[in-house]
J.: 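Mind looking over this structure? Questions follow.
We name chains A, B, ... by the order of the sequence lines, and we start the count at 1 in each one.
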Amino acid sequence: MTHDERLERYAELAVRVGANVQPGQEVIVHPTVEHAELGRALVRQAYRAGASYVHVLYSDDHVRHAMIELGPDSALTYSPRWQVALAEAAAGNALLATTGDSEPELLADLDGERVGRAIQTEIAEIRQRQHRENTVNWCGVGAPNEGWARQVFGEPDVERLWEKVAFCMRLDEPDPVAAWREHLDRLETRAAALTALLPDALRYRGPGTDLTVGLLPTARWGSARFRTSGGIDYVANMPTEEIFTTPDPGRAQGTIRSSTPLVLHGQIVRGLEFTFEDGRIVGVEADQGSDLIRSQLASNENADRLGELALVTSESRVGQSGTLFFDTLFDENATCHIAYGMGLAYAFDGEPDPRTNVCNVHVDFMVGGPELEVDAVLRDGREVPLIREEEWQLAT
Amino acid sequence: VDERLERYAELVVQVGANVQPGQEVFVQAAVEHHDLARALTRQAYRAGAAYVHVLYNDAHARRAMIELGPDDALTYSPEWRQEFVRSCSGNALIATTGDPEPELLADLDGERVGRAVPHEIVKIRIQQLHENSINSCIVGAPGEGWARQVFGEPDVERLWEKVAFCMRLDEPDPVAAWREHLERLAERTAQLNELRAEALRYRGPGTDLTVGLLPNARWAAGSTDTSGGIPFVANMPTEEVFTSPDARRTEGTIRSTMPLPLAGQIVRGLELTFEGGRAVRVEAETGADLVRSHFATIENADRLGEVALVTSESRVGQSGTLFYDALFDENATCHIAYGAGLPFVCDGEPGEGLNVANMHVDFMVGGPELEVDAVLADGTAVPLIRNEDWQLA
């Protein structure tokens with residue numbers, strides 16, 4: 001397979017299985033400047049899938065850097081009308097976004113408080129509404145590039161990164177589309193078994209970790225395969241290896257330690273440790289980057305409450321790749337993770353529980369590893385092992 | 001930090017767009033031009049911009065649309081893009097040129113390429129031109145593809161040196177040098193406006209063309225003011241004095257003297273014959289179909305919108321370089337544009353003589369053999385340009 005064939009095959013998988021672009025839909029593609037090669041392949045494949053029009057909006061972290069460093073305060077949270085119009089145009093249409101930070105430490109020299117405050121509030125609210133109403137068939141995929149490869153391997157070996165990404169994406173399978181369908185079925189079976197258990201809480205135990213998180217009675221466990229309100233199936237993240245739910249933001253108690261570095265707004269947070277009381281984060285410690293987290297928690301209402309719990313086992317292709325990708329999209333699929341901030345309205349079959357956390361940010365951090373034990377706590381207090389040594393324990 | 005890049009961006013922000021504190025600034029650049037777009041963003045914030053919007057264009061996405069998209073996509077103007085363009089009113093706009101892949105669309109159906117115009121967006125742009133509400137500037141962004149086009153090899157550094165020369169970045173104080181240069185051009189426009197010529201006559205190899213002038217159209221150059229009173233230089237570099245002609249009174253034949261990169265193709269040896277103001281014959285060695293498609297599908301594209309005079313004092317001409325880019329090449333030598341006239345050169349209402357079209361394409365006609373005369377109302381011919389030198393005292 002030549003690089004160009006691999007690229008088109010990858011884009012085709014993202015368009016057909018990921019966003020599942022329907023003939024006649026408009027498609028919005030959001031690459032970064034450094035992801036132009038993949039962005040263009042996504043545009044081609046979207047037209048081949050019958051898109052009526054493909055909108056492309058590149059984002060540029062250097063422009064963001066200039067705004068945070070040199071712009072006035074009012075610029076930090078500004079949502080330009082044209083960007084609002086594009087965000088609104090996503091409803092009823094398909095969206096493809098790329099990840100794979102080309103300069104993960106680009107914003108590291110800036111004032112962490114300003115970086116944390118720089119959120120386009122109005123656009124974030126539109127995205128959340130679309131999330132809630134589930135009106136967009138969307139997919140996020142990784143775009144290998146030099147900076148990302150350097151971050152992962154210490155050298156800009158883009159080809160090696162491409163091979164890792166292709167492995168995680170099952171592009172080595174004779175029929176990647178069929179392989180993905182089978183894989184997603186397995187995750188859904190797991191999610192159904194856990195939902196049927198009706199657990200009241202999850203308990204996490206491991207080195208530096210003893211955390212109990214309450215669950216909401218009507219929130220189910222699900223996989224990243226979703227269906228829009230208009231009936232279009234899509235896979236929001238590729239690769240995906242997780243089953244997840246949204247927890248009770250009022251019931252988290254104890255301490256949890258992050259097991260891998262977290263890349264956030266151009267900075268790297270290492271050794272993150274949260275302490276919770278009655279659902280709220282009351283303590284933030286980190287070897288590096290704790291200011292950024294504290295600023296984000298202080299300036300975004302309810303960011304100090306949990307929005308997501310996700311379980312991943314050693315069958316994960318991302319985990320098997322043995323690679324720390326320094327990218328949430330991948331790393332959150334290597335191992336168990338938790339998110340603070342926005343809860344997931346789509347974890348409910350009907351109306352979301354009104355307690356579901358409402359927030360303008362959603363940040364996943366990894367907590368899994370061989371020593372992490374995860375139990376389901378039932379209403380009668382019984383504890384049912386879910387994960388030991390990264391293996392799934394519950395019969396399906 | 002690349003000092004030359006920052007100095008270049010600073011000149012464009014301060015002299016070109018002349019960004020005012022508190023203005024929003026819109027940067028439109030090819031995705032390959034991100035280095036310059038980023039420098040422009042930094043300099044715009046340093047000049048006091050309230051916000052800098054950056055919209056990257058991608059010719060590959062455009063190619064995919066023309067090749068693979070449905071017919072409706074060709075002329076579609078997405079609402080968010082319309083909003084972007086509308087938001088420019090009252091603000092500053094900086095755009096980049098320097099085609100990264102000049103022949104990218106060359107293998108596509110020329111008729112579809114010609115038809116691929118987002119009409120609603122062009123309408124808004126033309127309206128803004130009428131209102132003269134934007135302090136805007138277009139500048140070149142050196143890159144590999146452009147350098148390969150110019151030199152036959154991707155020597156970006158050599159192209160940067162040429163561009164820096166044309167932009168007077170070698171002057172100790174480029175901002176002062178630009179002010180002086182703009183004054184010289186302004187003197188020429190004053191001379192021409194005093195002459196009150198009735199027409200221009202072009203003569204040269206393959207060329208004998210008379211273009212009527214409008215009594216209420218002034219000659220302009222370099223720096224103009226927005227309706228809000230902000231001076232700006234719409235193109236950098238600029239070496240031209242220009243006006244909009246009477247689109248109803250063009251007679252004869254004119255031959256282009258330089259290749260014209262257009263919509264991903266290259267038009268070579270273009271020759272247009274006019275009768276009663278309209279192009280009645282289009283010939284070219286390459287790209288004739290594209291120009292014919294413009295004339296057939298875009299109303300009034302077949303009439304003239306601009307005449308511009310350039311002399312051998314031009315830094316672009318002195319550079320001895322064919323840049324394959326209209327922004328530069330039109331400043332090497334005399335040029336003419338088919339399509340939209342320039343409403344801002346008219347005193348009062350433009351009237352019927354000023355062309356209205358959803359397109360404006362400059363093509364170069366100058367060279368050592370071109371003679372340009374002003375024809376006065378009494379029939380006297382006053383030499384304006386001989387051997388690329390300015391003739392008016």
J.: Are any of the side-chain heavy atoms of B:Tyr45 and A:Pro72 separated by less than 4.5 Å?
T.: yes

J.: Can you list the residues that meet the side chain to side chain contact (heavy atoms under 4.5 Å, CB included) rule with A:Asp291, with sequence neighbours excluded?
T.: A:Arg294

J.: Which region of A:Glu26, side chain (C-beta onward) or backbone (N, CA, C, O), has a non-hydrogen atom less than 4.5 Å from a non-hydrogen atom of chain B, or is it both or neither?
T.: side chain

J.: Identify which part of B:Ala49 has an atom lying under 4.5 Å from any heavy atom of chain A, answering side chain, backbone, both or neither.
T.: backbone

J.: Heavy-atom cut-off 4.5 Å, strictly under: side chain, backbone, both or neither for B:Gln82 against chain A?
T.: neither

J.: Given heavy-atom pairs under 4.5 angstrom as the criterion, report whether the side chain, backbone, both or neither of B:Arg81 touches chain A.
T.: side chain

J.: In residues 7-23 of chain A, which residues are in contact with chain B at a heavy-atom separation under 4.5 Å?
T.: none

J.: Return the option, out of A:Val54, A:Val84, A:Val63, A:Leu70, with the maximum number of heavy-atom pairs under 4.5 Å with chain B.
T.: A:Leu70

J.: So which heavy atom on B:Pro70 is nearest to which on A:Ser52, and how close?
T.: CG-O, 3.4 Å

J.: Can you confirm whether B:Leu55 sits close enough to A:Leu57 that some side-chain heavy atom of one is under 4.5 Å from a side-chain heavy atom of the other?
T.: yes

J.: Should B:Arg38 and A:Val33 count as side-chain neighbours, where that means a heavy-atom distance under 4.5 Å?
T.: yes

J.: Mind running side-chain contact (heavy atoms from CB on, under 4.5 Å) on A:Gln83 and B:Trp80 for me, showing each step along the way?
T.: CA-CA 7 Å; A:Gln83 288 192 35; B:Trp80 66 277; over 6 Å; no

J.: Describe, in one word, how the ring planes of B:His53 and A:Trp82 are oriented to each other, choosing from parallel (under 30°), tilted (30 to 60°) and perpendicular (over 60°).
T.: tilted

J.: One pair to check against side-chain contact (heavy atoms from CB on, under 4.5 Å): A:Asp60 and B:His34. What are the steps and the verdict?
T.: CA-CA 8 Å; A:Asp60 186 344; B:His34 58 261; 4.3 Å; yes

J.: Between A:Ala51 and chain B, which part of the residue has a heavy atom less than 4.5 Å away: side chain, backbone, both or neither?
T.: backbone

J.: By a 4.5 Å heavy-atom criterion (distance strictly below it), what part of A:Glu34 contacts chain B: side chain, backbone, both, or neither?
T.: side chain

J.: Is A:Arg40 salt-bridged to B:Glu67, cutoff N-O under 4.0 Å?
T.: no

J.: Is it true that, when you exclude B:Glu103 itself, more than 12 heavy atoms of the residues, nucleotides or ligands shown sit nearer than 6.0 Å to its CD?
T.: yes

